[in-house]
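Numbered from 1 within each chain, the chains take letters A, B, ... in sequence-line order. Hydrogens, waters and symmetry mates play no part in the numbers below; they use all other heavy atoms, side chains included.
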Amino acid sequence: MEALWEQILTKANYWMTIALMMVGLYAMITKRNLVKKIIGMNILQTAVILMFISIGAKRGATIPILKHGDAAAAHAPRAVDYINPLPHVLMLTAIVVAVSTLGVALALAVKIYQQNGTLDEADILARQVPRSHEGGP
Amino acid sequence: MIWQIEFVVLVIVLICGVAAVTVRDLLGAAVLFGAYSFMMCLLWAIMGAVDVAFTEASVGAGVSTVLFVAAVFRTSRRTKD
Amino acid sequence: MKTAAALLVLLFGGLLVYASLEFPAWGDPMAPASRHVSPHYIERSLAETSVPNIVTAVLADYRGYDTMFETIVIFTAGVACLFLLRIFGRRSSESRLYRHLPTGITLRISRGGAVPLSSKEFERIDLQWVPYSVVVRTTCRLIVPFSQLFALYVIAHGHHSPGGGFQGGVILGASIILFAIANNLRASLAWFSEKLAVLLCGLGVSIYVATGALSFLLGGNFLDYGTLSKPFAMGAVAARSLGILMVEIGVGITVMAVMVHLYYGLASAGRHDEGL
């Protein structure tokens, strides 16, 4: 029982992240509105980023900005005192790339709306089928 | 890192995420997504990732919400699901 | 369809939960992720680059090549939005609205009608026009300069505090977007034109690549800022700090221009005449 509780306490964070990923993936698959799909994609992206940040967390450590100055220069920084900065670096760029992909995805959605007059995936597909019959070789 | 506070914020993040994909109004979904991003930023600040939290606060809660609202303004606000 | 999707998602989640049982405990200082290369960054980065913020040092120096291509991805997104949405030249087929300022009368001018050009009494207004709120415009006028100053501080002070080119660029872009929302898109385009935005997109990437090429030409590796010590007459460690600052400025310019350009394109659906 004690071991199970320990397991839950140390892993609950990851499980919530996995639940968030599942929400995002489910929205991407089942929602028919394109903007809803894009929101699902963003939730999946931020959940993956949260997973990486959780991996970088370190108990009893402080933020990765080194103490510097006269008093602190006497002893070199120790790795156990600072949170692992590497996931932060990778995810910082990932967030900005995520907003660029969001911009391109929304531009595509606006273009699709201009041509079809709807954002609903089923309606767009229903409009596409007769056109392919007309324009046959 | 206080795991109780972190857990509460995680629950709020999950609620905001589920609400953002289920609400039947795209403008409301955009605003809920902004709230989701801001709670996520708070979570990362608790975990000590200050640079990432700063980026998410300006990018996720600021610019992406504006982009969503602009796209919804140029398309339609109604949705069937 | 929905049940199949739910089953797929549950399988995906179950596999991830199963994998997470093997994960190190949350916050474990001896987790594998914290043992390989990150101790080197934490213990040596201050001595090697004289930048206290480890994230900035790793982002722009140790992994500068990575960040360069992330910047190019953002640049590509801006260019893709330009090609996807932009409708050049062709005047909107809808009628345009003008407001006669002394009387407040609104004129609708249909296609081909005469436009009161260069008249101080007429002001073009959006089709979905709402009366301007004095509170919003005044607050915007007060906030924009301070947020731009703060953005420059964030870019320049990224060495010592959280921040850097990405965050500062986004705040700088957000201040211009705020101006565009509080006034209208045409006023914003007169201040920060589309041509300027596209030029700045390219300029930022060019600054980044030029910094790398400069260190290359001075005899080091590409993006090895230590060689900048020769022309700037400073130590190799201080030169690394300077190289990081130059790179961050390039990133900030590109990010700002792309954010503004994405907003212009999305808010006007590519026409760049009427916005949110």
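Proximity to chain A (any heavy atom under 4.5 Å) is restricted, for L43(B), to the side chain, taken from C-beta onward. Contacts of I49(A) with chain B are made by both backbone and side-chain atoms, with heavy-atom separations under 4.5 Å. Both the backbone and the side chain of I95(A) come within less than 4.5 Å of a heavy atom of chain B. Of the atoms belonging to L10(B), heavy atoms from both backbone and side chain fall under 4.5 Å from chain A. Both the backbone and the side chain of N33(A) come within less than 4.5 Å of a heavy atom of chain B. Both the backbone and the side chain of N13(A) come within contact range of chain B, judged by heavy atoms closer than 4.5 Å. Contacts between S54(A) and chain B at a heavy-atom distance below 4.5 Å involve backbone atoms as well as side-chain atoms.
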Full working for salt bridge (charged side-chain N to carboxylate O under 4.0 Å, His left out) between K31(A) and E121(A): CA-CA 9 Å; K31(A) 294 291 169 188; E121(A) 199 183 33; over 6 Å; no

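Using modelled atom types, no side-chain atom of T118(A) and backbone atom of D123(A) make a donor-acceptor pair closer than 3.5 Å. Here the side chain of K36(A) pairs no donor or acceptor atom with the backbone of R24(B) at under 3.5 angstrom. Using a distance-only test at 3.5 Å, with no hydrogens or angles considered, a donor-acceptor pair links the side chain of K58(A) to the main chain of Y82(A).
Ranked by heavy-atom pairs under 4.5 Å with chain B, the list L119(A), L102(A), L50(A), L92(A) is led by L50(A). Ranked by non-hydrogen atom pairs under 4.5 Å with chain B, the options T62(A), L106(A), V89(A), D120(A) are led by L106(A). Considering only heavy-atom pairs separated by less than 4.5 Å from chain B, the leading option among V23(A), V35(A), T30(A), T46(A) is T46(A). With chain A as the partner, the residue from A70(B), S58(B), A29(B), A49(B) showing the most heavy-atom pairs under 4.5 Å is A49(B). Between chain A and the options L67(B), L14(B), V23(B), heavy-atom pairs under 4.5 Å are most frequent for L14(B).
Checked against side-chain hydrogen bond (donor to acceptor under 3.5 Å, both in side chains), N42(A) has no partners two or more places apart in sequence or in another chain. When the ring-ring contact (aromatic ring centres under 6.0 Å, His included) test is applied to F33(B), the partners found at least two apart in sequence or on another chain are Y36(B), F68(B).
The minimum heavy-atom distance linking A27(A) with V21(B) is given by the pair CB-CG1, 3.6 Å.
By the 4.5 Å heavy-atom criterion applied to side chains, L20(A) and M40(B) are counted as neighbours.
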